[in-house]
There are 2 protein chains.
Amino acid sequence: MSSKKTITMEHGAGGQFMQELIGGMILKNITQRSAGTVGLDDLDDGSTISLPEELEDGAELVMTTDSHVVDPLFFPGGDIGKLAVCGTVNDLTVMGARPLALTCAIILPEGFELSVFEDIMKSMNLAAEEAGVAIITGDTKTIQGNKLDSMVINTTGVGIAPKVIRDNGLSAGDTIIVTGNLGDHGIALLSHREGFDFETKLVSDVSPVNDLLKGPLSLRTEDNQPVITAMKDPTRGGLASSINEMAQKSGVGIVLEESDIPVDMAVNTACEMLGLNPLEIANEGKAVIGVRPEYAEEVLELLRSHKYGANARIVGKAVSENTGKVLLRTSIGSLRQLGMPVGDPIPRVC
Amino acid sequence: MSSKKTITMEHGAGGQFMQELIGGMILKNITQRSAGTVGLDDLDDGSTISLPEELEDGAELVMTTDSHVVDPLFFPGGDIGKLAVCGTVNDLTVMGARPLALTCAIILPEGFELSVFEDIMKSMNLAAEEAGVAIITGDTKTIQGNKLDSMVINTTGVGIAPKVIRDNGLSAGDTIIVTGNLGDHGIALLSHREGFDFETKLVSDVSPVNDLLKGPLSLRTEDNQPVITAMKDPTRGGLASSINEMAQKSGVGIVLEESDIPVDMAVNTACEMLGLNPLEIANEGKAVIGVRPEYAEEVLELLRSHKYGANARIVGKAVSENTGKVLLRTSIGSLRQLGMPVGDPIPRVC
Ligand SMILES: Nc1ncnc2c1ncn2[C@@H]1O[C@H](COP(=O)(O)OP(=O)(O)OP(=O)(O)O)[C@@H](O)[C@H]1O
Ligand SMILES: Nc1ncnc2c1ncn2[C@@H]1O[C@H](COP(=O)(O)OP(=O)(O)OP(=O)(O)O)[C@@H](O)[C@H]1O
Ligand SMILES: [Mg+2]
Ligand SMILES: [Mg+2]
Ligand SMILES: [Mg+2]
Ligand SMILES: [Mg+2]
Ligand SMILES: [Mg+2]
Ligand SMILES: [Mg+2]
């Protein structure tokens with residue numbers, strides 16, 4: 001690497017240059033590098049995950065994957081590295097799983113700055129440290145500079161769930177909770193990308209939610225069932241997409257109290273100006289949770305006591321009418337449907 | 001989707017268009033869609049893998065990932081879909097693992113033909129069926145048409161290894177076996193891409209090696225150790241890269257008999273004309289295996305009885321001298337070093 005300051009095609013060619021890149025940029029910057037007997041340092045064809053000795057009856061592995069094509073790579077509150085770790089940690093978490101290990105597969109355009117690459121690896125590492133998850137294996141490929149505009153990162157995660165949480169588990173009567181303000185990620189990214197100059201600085205919410213949800217996930221009913229009945233992370237398509245999916249798959253209706261849905265004032269203003277619906281905007285550090293009603297307050301309190309859950313709110317409930325539909329009750333008491341978005345209004349948000 | 005024949009940005013936007021794309025192009029074409037209680041059909045945030053009831057003592061999960069940026073997408077003998085499945089199945093296999101589940105993360109440029117996408121999904125499925133592995137979860141992102149030249153696929157695999165096989169397990173005396181002709185994939189791809197007109201048609205070897213290696217992997221010594229001591233799939237960098245890594249990590253020297261290394265005549269001719277070394281060229285359906293010498297013939301016979309192992313050969317052995325180095329004994333008896341390649345001479349081969 002030495003004198004070369006940017007990525008060349010050879011960095012993705014499987015020989016010495018690639019080895020130097022992996023050693024100098026990746027191994028050096030990742031702290032938790034192993035989840036079993038073979039780890040990142042071994043640079044083998046893959047790595048291993050040791051299974052926990054004691055597994056609850058019915059425990060399952062959970063696997064999830066996301067590629068990240070966010071544009072630009074750095075935005076207020078985060079960057080592609082943080083996003084790639086949090087996105088996968090959060091999908092594992094909303095499935096009820098404790099993250100065990102992540103992969104890191106990177107595609108780089110020729111000419112990409114090595115110093116930027118290293119900043120992104122450091123950011124991945126900070127997020128992985130915060131989430132307490134090891135990055136155990138990866139892959140590095142290069143594409144000619146005129147054929148890809150920027151870095152792409154895929155992370156795939158494996159976790160272990162004592163009880164898997166589905167998105168189809170809502171019953172009529174369940175309370176719907178969101179863990180904080182909605183729309184921050186998408187609007188912060190868009191504003192930054194387009195150079196909009198809002199009065200208040202908009203910051204992405206990108207963060208790992210596994211610690212936030214640890215308490216609520218461990219709560220059990222008297223007959224040892226999770227008190228969380230369904231959960232999703234409202235990423236692309238925002239709350240509108242997640243909650244419609246939960247309603248459809250669970251076969252319930254949902255009524256949301258519009259005035260109870262937490263949206264930051266700056267995000268609301270920006271959305272009004274841009275003609276966007278904050279409920280359709282991507283979040284990267286939030287969860288939508290269905291809870292057995294008798295435990296709703298306990299879950300809410302647990303969430304609110306965590307730094308990422310300060311704005312958690314009960315926003316509505318599942319009902320037996322209007323199966324598969326989501327209705328918003330407005331401040332004047334009328335009901336209107338919150339539909340499934342057709343597409344996300346903001347491209348390349350994650 | 002209906003009337004739209006090509007990918008639009010909305011296909012990667014998390015709303016209805018994406019759901020239709022996933023339903024119509026992916027779910028419909030994948031046969032094995034589940035490895036646990038939550039599978040591909042559930043379209044949840046991830047999927048589950050049920051752990052086998054009885055695990056050998058010391059069994060570990062193995063995880064591996066590869067992104068595929070091959071250019072062009074279709075080549076003699078395969079395409080990006082087949083490659084993406086085989087690449088990950090093969091990395092699991094050379095770690096000693098039985099593949100349990102794969103993820104499928106796709107990035108598509110705007111304007112990409114839907115019919116081509118479907119052909120690739122069908123090809124992924126055929127390869128997954130052959131390998132007996134389920135595709136349980138995935139991700140779909142889109143990039144503007146002027147910012148990415150073609151489709152990218154990442155597959156990440158999880159398998160279970162009763163005994164993990166490392167690449168550092170060679171001891172002096174071990175026999176080195178390759179499972180067939182070397183260089184086919186890289187040279188077939190290059191010739192096709194550049195429109196070279198060789199007399200013989202060159203075809204990629206891309207294929208899953210898990211069934212080929214099932215027999216050899218199950219062989220045990222009298223004290224219940226695997227007879228395979230080390231293994232790698234010689235992808236980017238070819239045999240030269242894999243065997244050098246095995247020598248360095250194991251702390252042994254390697255002597256290969258040049259005339260015993262199987263290379264197809266057409267590949268040899270092409271390499272001579274292009275000034276390439278077939279031992280540095282990528283393979284996508286091969287393994288380099290270290291075996292305890294007393295079991296070498298048995299392993300060889302097992303390999304040869306399989307359709308993918310007809311050209312398997314003993315090519316050399318590990319020695320205690322020249323630690324970390326690989327020497328080729330030429331037909332006239334002289335020794336010359338086979339070095340670690342610097343980069344792969346052929347870009348975007350996988
Ligand atoms: N971006 C990355 N992050 C973490 N580890 C990486 C990264 N890229 C490569 N590695 C590690 O470097 C080693 C070599 O990677 P490489 O991709 O060459 O292996 P492979 O998949 O066996 O080969 P190929 O990609 O040619 O099929 C592996 O152990 C891999 O985990
Ligand atoms: N290329 C694909 N192959 C197989 N399954 C896919 C593919 N793309 C998406 N899926 C499946 O479709 C469902 C929705 O995917 P999506 O990516 O929207 O989920 P998510 O990761 O929770 O959201 P986001 O990507 O916005 O973070 C998931 O169950 C996913 O496994
Ligand atoms: Mg490999
Ligand atoms: Mg996700
Ligand atoms: Mg790789
Ligand atoms: Mg999700
Ligand atoms: Mg590989
Ligand atoms: Mg996704």
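Keep in mind that the numbers below use all heavy atoms, side chains included, and drop hydrogens, waters and symmetry copies. Just so we're on the same page: letters track the sequence lines, and every chain starts at 1.
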Quiz item: Are any non-hydrogen side-chain atoms of A/Leu43 and B/Lys249 less than 4.5 angstrom apart?
Solution: yes
Quiz prompt | Among A/Gly14, A/Gly157, A/Ser67, residue most engaged with chain B (heavy-atom pairs, under 4.5 Å) | solution = A/Ser67
Practice problem: Give the member of A/Pro109, A/Gly138, A/Gly58 that has the highest number of heavy-atom pairs under 4.5 Å with chain B. | Solution: A/Gly138
Quiz item: Looking at B/Gly238, B/Pro347, B/Ala59, B/Pro341, which one has more heavy-atom pairs under 4.5 Å with chain A than the rest?
Solution: B/Pro341
Quiz prompt | Heavy-atom contact with chain A under 4.5 Å, split by part of B/Met95 | solution = side chain
Practice problem: Can you check whether anything in residues 140-150 of chain A gets within less than 4.5 Å of chain B, heavy-atom wise, and list it by number? | Solution: A/Thr140, A/Lys141, A/Thr142, A/Ile143, A/Gln144, A/Lys147, A/Leu148, A/Asp149
Quiz item: Checking B/Asp233 against chain A: side chain, backbone, both or neither under 4.5 Å from a heavy atom?
Solution: both
Self-check item: Largest heavy-atom contact set with chain A, pairs under 4.5 Å, which of B/Pro345, B/Ala97, B/Ala13, B/Ala101
Solution: B/Ala13
Self-check item: chain A interface, residue from B/Asn244, B/Leu92, B/Thr137, B/Ile346 that has the most non-hydrogen pairs under 4.5 Å
Solution: B/Thr137
Quiz prompt | CG-OG1 distance between A/Asp139 and B/Thr235, expressed to the nearest 0.5 angstrom | solution = 9.0 Å
Quiz item: Got a sec, which residues hit side chain to side chain donor-acceptor pair (under 3.5 Å) with B/Thr65, two or more places apart in sequence or on another chain?
Solution: B/Asn154, B/Thr156
Quiz item: Which answer fits B/Ser50, side chain, backbone, both or neither, if we ask what part of it has an atom under 4.5 Å from a heavy atom of chain A?
Solution: both
Quiz item: Checking B/Val158 against chain A: side chain, backbone, both or neither under 4.5 Å from a heavy atom?
Solution: both
Quiz item: Are side-chain heavy atoms of A/Val342 and B/Glu10 found at a separation under 4.5 Å?
Solution: no
Practice problem: Please confirm whether the backbone N or O of B/Asp45 pairs with a side-chain atom of A/Thr64, one donor and one acceptor, at under 3.5 Å? | Solution: yes
Practice problem: Mind ranking A/Gly237, A/Ser47, A/Ser241 by heavy-atom pairs under 4.5 Å with chain B and telling me who comes out on top? | Solution: A/Ser47
Quiz item: Heavy-atom distance under 4.5 Å to chain A: side chain of B/Val349, backbone, both or neither?
Solution: neither
Quiz item: A/Glu60: what forms a salt bridge (charged side-chain N to carboxylate O under 4.0 Å, His left out) with it, not counting sequence neighbours?
Solution: none
Exercise. Let me know if B/Glu280 has heavy atoms under 4.5 Å from chain A in its side chain, its backbone, both or neither.
Key: neither
Quiz item: Which pairs count as side-chain hydrogen bond (donor to acceptor under 3.5 Å, both in side chains) when at least one residue sits in residues 83-102 of chain A, sequence neighbours excluded?
Solution: A/Thr88-A/Thr155
Quiz item: For the candidates B/Gly12, B/Ala282, B/Gly36, which exhibits the highest count of non-hydrogen atom pairs separated by less than 4.5 Å from chain A?
Solution: B/Gly12
Quiz item: What option among A/Gln16, A/Met63, A/Met231 has the most heavy-atom pairs under 4.5 Å with chain B?
Solution: A/Met63
Exercise. Among A/Arg348, A/Arg236, A/Glu245, A/Met18, single out the residue with the greatest number of heavy-atom pairs under 4.5 Å to chain B.
Key: A/Arg236
Quiz item: For B/Met9, is it the side chain, the backbone, both or neither that has a heavy atom under 4.5 Å from a heavy atom of chain A?
Solution: side chain
Quiz prompt | chain A contacts, top residue of B/Gly15, B/Gly46, B/Ala105, B/Cys350 (heavy-atom pairs, under 4.5 Å) | solution = B/Gly46
Exercise. Go through B/Ile107 and A/Val152 one step at a time and tell me if the side-chain contact (heavy atoms from CB on, under 4.5 Å) criterion holds.
Key: CA-CA 9 Å; B/Ile107 305 173; A/Val152 171; 3.3 Å; yes
Self-check item: Exam field: side chain B/Asp44 to backbone A/Asp167, donor-acceptor pair closer than 3.5 Å
Solution: yes
Quiz item: Who among A/Ile106, A/Leu100, A/Thr37 has the most heavy-atom pairs with chain B under 4.5 Å?
Solution: A/Thr37
